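Structure, as structure tokens:
Each chain gets a letter, A, B and so on, in the order its sequence line appears, and its residues count up from 1. Since this is a predicted model, take the numbers as computed values, not measurements.
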Amino acid sequence: MKNHLIAEMFEQMADVLEFKGEIPFKVNAYRKASRIIKDLQIDIETLWKANKLNTIPGVGSGLAKKIDEFLETGRMTKYEEIVHSVPPGLIDLLKIQSLGPKTLALVHKKLNVETLEDLKRVIQDGSLAQLPGMGEKKAENILKGIQLREKGLGRIALGIALPLVEEIIKELKKLSHVGRIYPAGSVRRMRETVGDIDILAETDHGEEIVKKFVSLPHVTRVLAAGKTKGSVLVEGNIQVDLRAIKSASYGAALQYFTGSKAHNIRLREIAKRQGLKINEYGIFDGEKNIGGEKEEEIYNVLGLIWIPPELREDRGEIEAAKEKNLPELVTLEDINGDFHVHTEWSDGSGTIEEIVAKAEELGYSFVVISDHSQSAAYAGGLTPEKLVEQIKEIKRIGERTKKIRVLCGTEVDIHADGSLDFSDELLEKLDIVIAAVHSGFKQKVTERLIAAARNPNVTIIAHPTGRIISQREGYQLDLEKVMKVCAETGTALEINSYYERLDLNDINARKAKEMGIKLAIGTDAHHPNQMHSMRLGLGVARRAWIEKKDLLNALSLEKILQLKGKKKQECK
DNA sequence: GCCGTTTTCGGCCCGACTGTTTTCAGTCG
């Protein structure tokens, strides 16, 4: 699959063209095409073979020709020409905050800056500040940008951001004059990582709430504290912004600050075509405000139905909203159970009883106990004898509780040769079998996952790509091949809810859905409290346009066991 | 470079903030 590669090439071309002062619209055309290709649900090579490159929005004859050349010959002449026209590494400097293409072009031309070291030197010796349009402050800000980058201040996991936001909101809600208060930005869209955190508060007393905000115990540094906006750093160098918004424009502000950028650009284009204008204060017909108190108003005025934040990525949601054809996204209330939970029988730290109690508290009708198998020695994996013993114990506990079904499961290792860590005979005794790769990440992972999917006893493939957010790339595998077999055999794929995994991710989960594969959220909890992370996996599912019918967790237990029985029949 | 209820040219999202400037360019989200 070359989608990512091509998207990356166009992005690089956009950077260089911008640096060279090419008209912004051309630069944007490359950026837009890059983003859309990256998000594409199908292999761009498939479209190419069907002569359908021009059906990709943002790809016209010019870009289609470049893609065509690349897929035909493995090279893109224009790319090489453009990217090689600047010193290597120079364009990377654009990632420094406060240093944009214009400034970079200036220091490159006038001061021969080509590397980060060069840049530091011209700041320190004062020559950058001497350039026309530059000054002490500019130089200082760029230096701060460099330091920020060197400190590696990146994006943080949603699982870290969400609890933090909730604590802050809980504190601010105590003020009597605060009405609606929600996170905006990528937190509200449930992206797997977030840059900084935006919170919007409905209030007429901006100064007061900002004062309270910047004096919260979480705050390590106050960056700004005005009448309508406060900006702070909290522990872990996470930036949190609070905006005080008047009632009349709260909906417009929430819409505006939720983004995504691409989604908002599309909305403003639509508005413009209708002779309207959208900004963070409302939607306007000339000078006249025709909406903005509620977020729905912005969408409705444009002839769209309200779009759930998780869908706002310009991945087809606007077209669907126009047709009133948005998916009915699965909600937390739809979740009937958790498929992936560990106990102290392997490397978890809760008892089976504690897990069951937590599942009851969460209102589930079932929970699957799925401890590790024998090969996972590092995780205290169960021997076959231990598993037999555990099955008895689970049944004993299950009989005592009437409210909930406690299911026997396992997270069984897939060996390097594709065989499973327990015999089929033993696996048959279980209600749910989750199969996973935990070692040999570079050894024929595609073939191993396919072999597991073909096993009639395997219900779910866990964390299918093996990626760890901002730490590990994931297995070397051809996911599409694996998905084809899953679709064929009726094997479900997991959306692992652990905050550093979220695997499958939104794009792959959506692709799975479109291939007719069922998804199953598993929290991979190693302590009963971690079962609350269901909402992270749910966020991924919603971003993937998943509806009740696509998600095993939202089906009745009868239906789940029926699907499992069907797979067994067909695989035999 | 893309695109079309302003169709094959002439547009292309919007505003805040900052720092450099006396009216605006650059950067960011």
Side-chain angles (χ1 to χ4, degrees), chain A residues 10-11 13-14 16-19 21-37 53-67 78-79 82 93-107 128-142 144-145 148 155 184-187 189 191 194-198 200 223-224 226-229 231 239 241 243 249 252-253 255-284 292 298 302-303 312 314 318 322:
Chain A
F10 283 165
E11 183 61 37
M13 288 163 90
V16 178
L17 290 173
E18 189 173 28
F19 164 77
E22 185 57 84
I23 53 162
F25 306 112
K26 189 190 274 193
V27 174
N28 264 338
Y30 276 94
R31 291 241 157 86
K32 189 175 175 187
S34 167
R35 185 184 55 76
I36 290 170
I37 291 168
L53 284 178
N54 60 351
T55 62
I56 305 171
V59 174
S61 60
L63 293 182
K65 231 172 108 185
K66 295 179 177 69
I67 298 169
K78 194 77 184 172
Y79 167 80
I82 289 178
L93 298 181
L94 284 177
K95 288 178 186 141
I96 295 166
Q97 251 188 42
S98 305
L99 181 69
K102 293 290 196 306
T103 312
L104 183 61
L106 187 71
V107 296
L128 184 144
Q130 296 300 315
L131 293 173
M134 296 292 118
E136 289 298 327
K137 280 278 181 123
K138 265 252 168 83
E140 202 180 299
N141 281 339
I142 294 171
K144 272 189 202 157
L148 214 61
R155 298 179 69 85
S186 35
V187 172
R189 301 204 313 281
R191 270 196 61 173
V194 306
D196 50 17
I197 296 171
D198 273 314
L200 302 191
L223 301 172
K227 283 178 186 160
T228 60
K229 190 186 158 183
S231 192
Q239 185 174 334
D241 293 345
R243 289 164 208 274
S249 53
Q255 197 291 313
Y256 181 91
F257 287 109
T258 296
S260 68
K261 191 175 167 184
H263 175 88
N264 284 357
I265 288 174
R266 286 290 310 280
L267 287 195
R268 281 175 234 143
E269 278 170 359
I270 293 171
K272 190 162 189 177
R273 246 178 277 139
Q274 297 179 11
L276 307 172
K277 191 178 75 174
I278 308 174
N279 59 28
E280 62 199 271
Y281 302 108
I283 181 160
F284 297 86
I298 307 288
L302 296 177
R312 299 183 195 171
D314 189 22
I318 293 173
K322 205 178 286 175

Side chain to side chain, A:Tyr256 and A:Ile298, heavy atoms closer than 4.5 Å: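 Of all side-chain heavy-atom pairs linking A:Ile298 with A:Tyr256, none is under 4.5 Å.
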pair A:Ile278-A:Leu302: side-chain heavy atoms closer than 4.5 Å: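 A side-chain contact under 4.5 Å exists here.
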Provide the distance between the two [atom1] atoms, one in [N] and one in [M], to the nearest whole Å.
N	M	atom1	answer
B:dG15	B:dG10	P	26 Å
B:dA25	B:dT20	C1'	9 Å
B:dT21	B:dG26	C1'	13 Å
B:dT23	B:dG29	P	29 Å
B:dG1	B:dT5	P	23 Å
B:dC12	B:dT6	P	14 Å

A:Ser249 side chain to A:Ala252 backbone, donor-acceptor under 3.5 Å: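 Checked: no pair found.
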Could you tell me the separation between the [atom1] atom of [X] and the [atom2] atom of [N], rounded to a whole number of Å?
X	N	atom1	atom2	answer
A:Glu136	B:dT18	CD	P	19 Å
A:Phe25	B:dC12	CZ	C1'	5 Å
A:Ile23	B:dG1	CD1	P	9 Å
A:Arg266	B:dC14	CZ	P	14 Å
A:Glu18	B:dG1	CD	P	16 Å
A:Glu22	B:dG1	CD	P	7 Å

Partner nucleotide, any strand, of B:dC2 [Watson-Crick/G-U, under 3.5 Å]: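 Base-paired to B:dG11.
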Test salt bridge (Lys or Arg N to Asp or Glu O under 4.0 Å) applied to A:Lys26 - qualifying residues, sequence neighbours left out: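 So A:Lys26 forms a salt bridge (Lys or Arg N to Asp or Glu O under 4.0 Å) with A:Glu22.
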Residues forming a salt bridge (Lys or Arg N to Asp or Glu O under 4.0 Å) with A:Lys137, sequence neighbours excluded: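 Partners of A:Lys137 under the salt bridge (Lys or Arg N to Asp or Glu O under 4.0 Å) test: none.
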For [X], which contact category applies under a 4.0 Å heavy-atom criterion: base, sugar-phosphate, or nothing?
X	value
A:Tyr281	sugar-phosphate
A:Leu267	nothing
A:Lys66	sugar-phosphate
A:Asn141	sugar-phosphate

Which atom pairs, one a donor and one an acceptor, fall under 3.5 Å between side chains of residues 28-35 of chain A and the rest of the protein, sequence neighbours left out?
unit_1, atom_1, unit_2, atom_2, d
A:Arg31, NE, A:Glu11, OE2, 3.1
A:Arg31, NH1, A:Glu18, OE1, 3.3
A:Arg31, NH2, A:Asp15, OD1, 2.6
A:Arg31, NH2, A:Glu18, OE1, 3.1
A:Ser34, OG, A:Ala7, O, 2.8
A:Arg35, NH1, A:Glu313, O, 3.4
A:Arg35, NH2, A:Asp314, OD2, 2.9

Atom pair CD (A:Gln255) and CZ (A:Arg312), whose distance is rounded to the nearest 0.5 Å: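 One finds 6.0 Å between CD of A:Gln255 and CZ of A:Arg312.
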Distance, nearest 0.5 Å, that separates CG of A:Leu128 from CD of A:Glu140: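 If we round to the nearest 0.5 Å, A:Leu128:CG and A:Glu140:CD are 12.5 Å apart.
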Closest to side chain of A:Lys137, choosing from B:dG19, B:dC12, B:dG15: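 In terms of side-chain proximity for A:Lys137, the closest of B:dG19, B:dC12, B:dG15 is B:dG19.
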Per-nucleotide protein contact string for nucleotides 2-11 of chain B, where B marks a base within reach and S marks sugar-phosphate only (heavy atoms under 4.0 Å, - for neither): SS--------
Heavy-atom protein contacts under 4.0 Å, nucleotides 23-29 of chain B, coded B base, S sugar-phosphate only, - none: ---SSSB
Greater than 12 external heavy atoms within 6.0 Å of A:Glu136's CD: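 Count not over threshold, so no.
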Distance below 4.0 Å between A:Asn279 side-chain N/O and B:dC14 OP1 or OP2: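 False: A:Asn279 side-chain N/O out of range (4.0 Å or more) of B:dC14 OP1/OP2.
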A:Met134 vs A:Glu269, nearer the 5' end of DNA chain B by closest nucleotide: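 Nearest-nucleotide comparison on DNA chain B picks A:Glu269.
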5′-ward residue of the pair A:Glu280/A:Pro132 relative to DNA chain B: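 The answer here is A:Glu280.
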A:Thr103: partners by side-chain hydrogen bond (donor to acceptor under 3.5 Å, both in side chains), with sequence neighbours left out: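 Here no residue qualifies.
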Worked verdict on A:Arg189 versus A:Ser260 for side-chain contact (heavy atoms from CB on, under 4.5 Å): CA-CA 8 Å; A:Arg189 301 204 313 281; A:Ser260 68; 3.6 Å; yes
